[in-house]
Amino acid sequence: MQLGQLRYAIAVHDEGGFTKAADACHIAQSSVSQAILALERELGVALFDRRGRTVVPTIAGEYLVRRARALLVEVEQLVRETSRLGSDAELT
């Protein structure tokens, strides 16, 4: 599982489709689709029900998106604090 895949899953959830998610992420739609398919294969569950051009998250998809949001906030804090601590250590 990669952070990019989680970001794409959140985008698909929020945008309601792969094409809109790709536009929001500034990447090709096929890249979003491949990333989500790879994530679904790795987890062994469908994250989205595909209904034409619209997708609806499954229960597993809702869970993943909710937890992914929290995880990405933690990652941002980790990066910010690590950078700050590194800068502080260099100053002393």
Between Leu71 and Leu64, is there shared hydrophobic-cluster membership here, with clusters defined by ILVMFWY side-chain heavy atoms closer than 4.5 Å? yes
Would you say Leu37 ends up clustered with Ile27 if hydrophobic residues are merged whenever their side chains have heavy atoms under 4.5 Å apart, either directly or through other cluster members? no
Minimum heavy-atom distance Glu15-Ala24, with the two atoms named: OE2-CB, 3.9 Å
Might you point out which heavy atoms bring Tyr8 and Ile36 nearest each other, and give the distance in Å? C-CD1, 4.0 Å
Using the test side chain to side chain contact (heavy atoms under 4.5 Å, CB included), find all partners of Glu62 that sit at least two apart in sequence or belong to another chain. His13, Pro57
Please list all pairs passing the salt bridge (Lys or Arg N to Asp or Glu O under 4.0 Å) test where one or both residues lie in residues 66-82, with sequence neighbours left out. Asp14-Arg69, Glu81-Arg84
Any pair with a residue in residues 16-27 that passes salt bridge (Lys or Arg N to Asp or Glu O under 4.0 Å), sequence neighbours left out, goes on the list, sorted by first then second residue, please. none
Could you tabulate the donor-acceptor pairs under 3.5 Å formed by side-chain atoms of residues 40-48, not counting sequence neighbours?
| unit_1 | atom_1 | unit_2 | atom_2 | d |
| --- | --- | --- | --- | --- |
| Glu40 | OE1 | Arg50 | NH1 | 3.4 |
| Glu40 | OE1 | Arg50 | NH2 | 2.9 |
| Glu40 | OE2 | Leu47 | N | 2.7 |
| Glu40 | OE2 | Phe48 | N | 3.4 |
| Glu40 | OE2 | Arg50 | NH1 | 3.0 |
| Glu42 | OE1 | Met1 | N | 3.0 |
| Glu42 | OE2 | Met1 | N | 2.8 |

For the pair Val65 and Val12, evaluate side chain to side chain contact (heavy atoms under 4.5 Å, CB included) and give the outcome as yes or no after the intermediate values. CA-CA 10 Å; Val65 167; Val12 171; over 6 Å; no
Yes or no on side chain to side chain contact (heavy atoms under 4.5 Å, CB included) for Val56 and Arg51, after CA distance, side-chain angles and deciding distance? CA-CA 7 Å; Val56 177; Arg51 298 177 183 172; 3.6 Å; yes
Just checking, any donor-acceptor pair under 3.5 angstrom between side chains of Ser33 and Gln29? yes
Between Leu6 and Leu3, does the side chain to side chain contact (heavy atoms under 4.5 Å, CB included) criterion hold? Intermediate values first, please. CA-CA 5 Å; Leu6 298 178; Leu3 294 178; 4.3 Å; yes
Asp49 and Thr58, any side-chain heavy atoms less than 4.5 Å apart: yes
